[in-house]
Structure formats: structure tokens, C-alpha cells
There are 2 protein chains.
Amino acid sequence: MVSEVKAQLELFFKNWFNKDRKPRQTGQKGLSIIGQRNRLQYIILGLLNQRSQTGYDLTKAFDHEIGEFWQAQHSQIYPMLKRMETDGEITHQDAVTGEKLAKKVYQLTHKGRQKLEAWISEPSPELTATKDEFILKLYFIRSADDPRIPAMIHEQVTLHQAQLDHLHLRMATVFPDQAAIDAAYGHYLILEHAIERETQYLAWLNRH
Amino acid sequence: MVSEVKAQLELFFKNWFNKDRKPRQTGQKGLSIIGQRNRLQYIILGLLNQRSQTGYDLTKAFDHEIGEFWQAQHSQIYPMLKRMETDGEITHQDAVTGEKLAKKVYQLTHKGRQKLEAWISEPSPELTATKDEFILKLYFIRSADDPRIPAMIHEQVTLHQAQLDHLHLRMATVFPDQAAIDAAYGHYLILEHAIERETQYLAWLNRH
DNA sequence: TTAAAACATGTAAATATTGACATAGTGTAA
DNA sequence: TTACACTATGTCAATATTTACATGTTTTAA
């Protein structure tokens with residue numbers, strides 16, 4: 001179903017769609033450049049645009065700030081930072097914590113900021129699969145009387161309730177007043193969205 | 001946030017968590033076996049358990065049936081089928097369409113069916129990131145007055161409305177009566193879930 | 001009748017992502 | 001004072017996933 005909607009949307013966005021992809025150059029000497037979409041670089045650009053920070057800080061951000069919507073390990077982040085610096089999108093200053101714990105504080109360059117803005121301004125006509133393992137398992141259960149269903153549902157209620165509690169807590173701490181919302185409106189919107197999504201998920205679970 | 005909930009859940013599921021992972025055997029002669037989770041094999045097992053089918057049929061199923069929850073291209077499916085057959089989880093019969101269009105109809109073995117049931121019976125204590133590119137872009141927009149927001153929202157409304165229409169259509173055609181629901185209860189549940197999810201997403205979009 | 005879409009199966013090359021390995025300094029609480 | 005959690009940065013190996021390359025048959029609609 002996803003591909004059908006996608007095909008439909010391609011009509012509207014054909015100038016943007018596939019925009020970033022360069023053809024593979026089989027049988028030629030030069031290295032072929034760029035295959036997949038590399039969204040990670042844009043997310044890093046966006047995070048660094050909020051404030052200069054280290055690879056370690058970015059790793060934590062993927063865990064605590066945007067883990068609902070993208071995940072990345074430090075083993076993916078550090079090489080990406082190196083590559084982005086080579087490409088001139090970011091630079092770093094060396095800094096030290098305590099006596100001698102070295103760290104690299106990265107920030108955007110002009111080129112990086114432009115790349116970020118260009119990405120944000122692009123259409124996003126793709127529906128990505130959710131990859132919810134529980135949902136897939138459920139899909140394969142034929143009978144409403146299957147004895148495994150109650151425990152499976154209960155496990156997910158525990159999981160998603162914990163997640164929802166966590167999101168509520170973040171909302172209360174990160175956005176205590178209107179000023180906080182005005183200062184990071186997009187962040188507020190996606191947290192609100194995540195809360196609504198978990199609330200709906202739980203309501204659906206509890207109904208069954 | 002995801003990792004925190006995960007850590008919390010690990011207390012409850014520690015016997016299952018990491019269950020499938022075997023340690024890498026650095027510095028030893030034998031090949032190290034198994035790294036990532038390989039959920040694709042289980043999904044293929046589940047699809048083949050519903051009915052015997054070809055790699056081509058499976059590819060379409062990922063597009064039309066479960067594309068909301070997992071995606072896979074034929075270039076990933078055919079090699080996986082080969083591997084699963086080598087592992088004794090599935091077998092195939094050769095068949096022909098028309099005069100000479102060869103195809104391979106795959107079905108589960110006893111071992112494959114057991115593996116499928118074992119997977120379904122396992123806990124699913126992991127929250128996976130949604131990877132919604134639009135949401136990420138929104139996260140990086142600071143101001144509620146940003147001039148790009150209306151067009152971005154409108155684009156997503158179009159996209160998700162098309163998806164929701166498609167899901168409604170599928171619900172009406174696949175589950176016209178209670179008998180159809182009883183015959184594929186899990187399928188019914190996840191379609192219901194997908195519809196609710198898109199409905200909520202649209203309501204949120206339309207509110208902003 | 002013929003062109004396009006759909007059926008059908010593969011491989012190759014590249015990038016993406018994960019998990020483990022590896023090392024070292026810092027802050028803190030028992 | 002010492003162990004543990006956390007800060008901090010990297011690499012390596014394996015698997016996962018995507019995109020393009022490649023080929024041939026069958027069905028369907030203009």
C-alpha cells in the first residue's frame with residue numbers, strides 16, 4: 001500500500017523525488033558516489049544547529065531527545081562527523097574536560113547550515129514502515145481465541161505505558177510554560193505528537 | 001528516552017533479551033555467526049504460513065499487506081529464501097505459469113513452523129524508532145511563525161489522507177463481514193490499528 | 001498486433017546500522 | 001580510597017537494506 005501512495009505522490013513531487021541519488025557508474029574507474037539517502041547527516045546538522053556539541057552529546061540526543069523518531073549509535077555518529085567535517089559542513093574546536101579529557105565540539109559551517117535549510121525545505125513524500133515487531137507477530141495470529149494474545153497485549157501495555165509516562169514527564173520538564181514552547185516550537189509539536197500516538201496505541205491495546 | 005524504557009523492561013525480560021545474539025569470536029578461526037536480529041526471516045515464515053507462495057508474491061505482500069509495518073525489496077527476499085531453504089526452514093516446488101515461465105512456490109517445513117511459533121511466543125520488549133522524516137524536519141524548526149510550516153503540513157495531510165483512504169478501502173474489501181474477521185483476526189487488528197494511527201496523525205496535522 | 005504492465009527471478013555494489021572491541025579520563029558516593 | 005557510573009572517542013566486523021543491473025515470460029488494453 002505504501003508504494004501505491006508513493007506512486008501517487010510522485011506525480012506531485014517528481015522534481016524532488018530521487019533528487020539526491022546519483023547513478024552508479026558501473027564499469028568506470030571513478031568511485032561511484034552516494035547510494036542511500038543518508039538522513040543521519042541532516043539530523044546531525046539539525047542538532048548542531050540548535051547548539052554546538054560533541055559526538056557524545058549527539059549520541060545522548062539520539063537516546064533522549066529524538067529516539068522516538070531516529071536512532072543512531074556512537075559507532076555511526078563519530079565516523080559521520082569525520083566525513084561531514086571533510087565535506088566542509090561542520091568544523092570542530094578541541095576542548096578539555098577537567099585536566100585532560102579531550103573532546104571535540106562541533107558546529108555548523110555556512111555550507112552546513114545551507115544544506116540543513118535545503119533539506120528542511122524539500123518535500124517529504126515518503127511513508128516509512130514502522131517496524132513494530134509486536135504488530136507483525138499479531139498479524140500472524142489467525143484466531144481471536146489464540147491463548148497467547150492476552151500476555152502479548154499485556155506486555156505491550158506495560159511497555160507503552162512506561163513510554164507514555166516518560167513522554168509526559170519530558171513534556172512537563174522541557175515545556176513548563178509558553179515561553180519554552182515559543183523557543184522550540186517544532187520540538188513541542190513532535191513531543192505532543194508522540195504523546196498522542198502513544199495514547200492512541202494504549203487505548204487500542206486496552207480495548208483488546 | 002527509548003533506551004531508558006528499554007533498560008527498565010530488561011529487568012522483566014532479561015532471559016529473553018539478547019537471546020538470539022551470539023558473541024563475536026574475535027581472533028578465532030571459526031566464522032563468527034549472527035549479528036543483527038534478522039526479523040525478515042520470521043516475517044517470511046509468517047507469510048508462508050498463511051499460504052505457500054513465490055518470492056514474487058512475498059514481495060507484493062510487503063508492498064500491499066504489511067508495508068505499514070515492514071518493507072523489503074525482492075533483492076533482499078530472494079537471497080533470504082535461498083538461505084532459509086538451506087537452513088531447512090522452508091522448501092519449494094517448481095511450477096510454471098503459461099508455457100514456460102518458471103516459478104518457485106515456497107512452503108514451511110516443520111522446523112520453519114516451529115521457528116515461527118517460537119518467535120511469536122517471545123516477548124517483544126523493544127520500541128523501535130519511527131523514522132518519520134517530516135517529524136524530524138519539524139523538530140528542527142524553532143519558530144511557530146516559520147513560513148515553511150503551512151506547506152509542510154499540507155503536504156503531509158495529502159500524504160496521510162491518501163494513506164488513510166487506502167486503508168479504509170482495504171478494510172472494506174478484505175473484511176466485509178464477521179467471518180472474514182474471524183478467519184484472520186490478527187490481520188484485522190493491525191489494519192484497525194493502522195487506521196486509528198493515521199486518523200490520529202491527520203487530526204494532529206489538521207489542528208496545526 | 002503491439003506496446004505496456006505485470007509476472008518472475010536473480011545478482012552486484014554501495015551504503016546503513018548494529019554490536020562488540022578498545023581505551024582513557026572524571027565525578028561521586030559508599 | 002576505591003569502585004562504579006559516566007564522559008569521551010574511536011575502530012572493526014558483520015549483517016541489513018537499498019538501488020541499480022540484468023533477463024525473460026505472460027497478460028491486458030489500446
Side-chain angles (χ1 to χ4, degrees), chain A residues 3 7 17-18 20-28 30-43 53-60 62-63 70-83 85 92 94-106 126 128-129 131, chain B residues 3 7 17-18 20-28 30-43 53-60 62-64 70-83 92 94-106 126 128-129 131:
Chain A
S3 71
F17 212 73
N18 290 334
D20 249 1
R21 287 186 209 119
K22 304 194 180 79
R24 189 165 50 142
Q25 313 195 338
T26 309
Q28 291 180 225
L31 290 178
S32 82
I33 310 163
I34 298 273
Q36 281 173 63
R37 301 274 271 96
N38 192 4
R39 290 176 184 85
L40 178 60
Q41 67 178 326
Y42 297 112
I43 301 166
Q53 50 191 318
T54 67
Y56 186 82
D57 296 329
L58 291 170
T59 302
K60 279 190 303 176
F62 277 95
D63 234 46
W70 204 274
Q71 287 173 337
Q73 316 300 319
H74 77 273
S75 58
Q76 201 183 0
I77 291 166
Y78 287 114
M80 184 63 73
L81 287 170
K82 200 162 277 186
R83 171 174 156 190
E85 185 161 38
H92 81 268
D94 288 310
V96 171
T97 297
E99 279 308 302
K100 50 178 172 176
L101 182 55
K103 59 180 177 180
K104 298 178 179 175
V105 182
Y106 288 92
E126 282 165 89
T128 306
K131 301 209 167 181
Chain B
S3 70
F17 212 73
N18 291 335
D20 249 359
R21 290 186 206 119
K22 304 192 180 79
R24 190 165 49 142
Q25 311 194 337
T26 310
Q28 289 181 228
L31 291 178
S32 83
I33 310 163
I34 297 270
Q36 281 172 64
R37 299 275 270 97
N38 192 4
R39 290 175 184 85
L40 178 60
Q41 68 179 325
Y42 297 111
I43 301 167
Q53 50 193 316
T54 66
Y56 187 82
D57 296 329
L58 291 170
T59 302
K60 279 190 304 176
F62 278 96
D63 234 45
H64 305 300
W70 202 274
Q71 288 173 338
Q73 315 302 318
H74 76 274
S75 58
Q76 200 182 358
I77 291 167
Y78 287 115
M80 184 63 73
L81 286 169
K82 200 160 276 185
R83 172 174 155 189
H92 81 268
D94 289 310
V96 170
T97 297
E99 280 308 301
K100 52 176 171 175
L101 181 57
K103 59 181 177 179
K104 298 178 180 175
V105 182
Y106 288 93
E126 281 165 271
T128 306
K131 302 209 165 182

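Residue numbers begin at 1 in each chain, while the letters A, B, ... track the order of the sequences.
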Ignoring backbone atoms, test whether Gln76(B) places a side-chain nitrogen or oxygen under 4.0 Å from the OP1 or OP2 oxygen of dA16(D). no
Here's a test of your reading of the structure: between Val105(B) and Trp70(A), which maps to the more 5' nucleotide of DNA chain C? Val105(B)
Find the distance Asp57(B):CG to dA6(C):P and express it as a whole number of Å. 15 Å
Write down the distance between CD (Gln73(A)) and P (dC12(D)), rounded to a whole number of angstrom. 19 Å
Set out, in order, the CA-CA distance, both residues' side-chain angles and the distance that settles side chain to side chain contact (heavy atoms under 4.5 Å, CB included) for Arg39(B) and Trp70(B), then state yes or no. CA-CA 10 Å; Arg39(B) 290 175 184 85; Trp70(B) 202 274; 3.5 Å; yes
Closest approach of Tyr42(A) and Arg37(A), non-hydrogen atoms and distance? CE1-O, 4.2 Å
Integer-rounded Å distance: dG10(D) C1' and His92(A) NE2: 13 Å
Once base and sugar-phosphate atoms are separated, protein heavy atoms under 4.0 Å mark nucleotides 23-30 of chain D, 5' to 3', with B, S and - as -BSS----
If I take atom CG in residue Leu40(B) and atom C1' in nucleotide dT17(C), what distance separates them, rounded to the nearest angstrom? 15 Å
Please evaluate residues Leu58(B) and Leu81(B) with respect to the criterion side chain to side chain contact (heavy atoms under 4.5 Å, CB included), reporting the C-alpha separation (whole Å), side-chain torsions for both, the decisive distance (0.1 Å), and the verdict. CA-CA 10 Å; Leu58(B) 291 170; Leu81(B) 286 169; 3.8 Å; yes
Main-chain N/O of Phe62(A) paired to Gln71(A) side chain as donor or acceptor, under 3.5 Å: no
Would you indicate which nucleotide in dT19(D), dC21(C), dT9(C) comes nearest to any side-chain atom of His74(A)? dC21(C)
The reported gap from CD in Gln53(B) to NZ in Lys104(B) (rounded to nearest 0.5 angstrom) is 16.0 Å
Tell me whether the side-chain N/O atoms of Lys131(B) come closer than 4.0 Å to OP1 or OP2 in dT17(D). no
If only side-chain N and O atoms of Arg83(B) are considered, is one of them under 4.0 Å from the OP1 or OP2 phosphate oxygen of dA16(D)? yes
If you compare all heavy atoms of Asn38(A) against all heavy atoms of Arg83(A), which two are closest, and at what distance to 0.1 Å? ND2-NH2, 3.2 Å
In whole angstrom, give the distance that lies between atom CD1 of Ile43(B) and atom C1' of dA16(D). 12 Å
Taking OP1 and OP2 of dT9(C), is either one under 4.0 Å from a side-chain nitrogen or oxygen of Thr54(B)? yes
Give one of base, sugar-phosphate or nothing for Thr59(A), where a contact means two heavy atoms less than 4.0 Å apart. nothing
At less than 4.0 Å, is any side-chain N or O atom of Gln36(A) found next to OP1 or OP2 of dT17(D)? Yes or no. no
Go through it in stages, so that I can follow the logic: the residues are Gln76(B) and Leu40(B), the test is side chain to side chain contact (heavy atoms under 4.5 Å, CB included), and I'd like the CA-CA distance, side-chain angles, deciding distance and then a yes or no. CA-CA 9 Å; Gln76(B) 200 182 358; Leu40(B) 178 60; 3.7 Å; yes
Within this structure, what is the OH-to-P distance between Tyr78(A) and dA22(C), rounded to whole angstrom? 19 Å
Heavy atoms from C-beta onward define the side chain here; which of dC7(C), dT11(C), dT18(C) lies closest to that of Tyr56(B)? dC7(C)
Send over the distance from Leu81(B) CG to dT11(C) P, rounded to a whole Å. 12 Å
The nucleotide from dT9(D), dA8(C), dA20(D) with an atom nearest the side chain of Lys103(B) is dA8(C)
Could you give the CG-to-P distance, from Asn38(A) to dA16(C), as a whole number of Å? 5 Å
Testing dT19(D), dT18(C), dT17(D) for proximity to the side chain of Ser75(B), the answer is dT19(D)
Distance from Lys60(B) atom NZ to Thr54(B) atom OG1, nearest 0.5 Å? 7.5 Å
So, is Lys82(A) close to the dT9(D) phosphate, meaning a side-chain N or O under 4.0 Å from OP1 or OP2? no
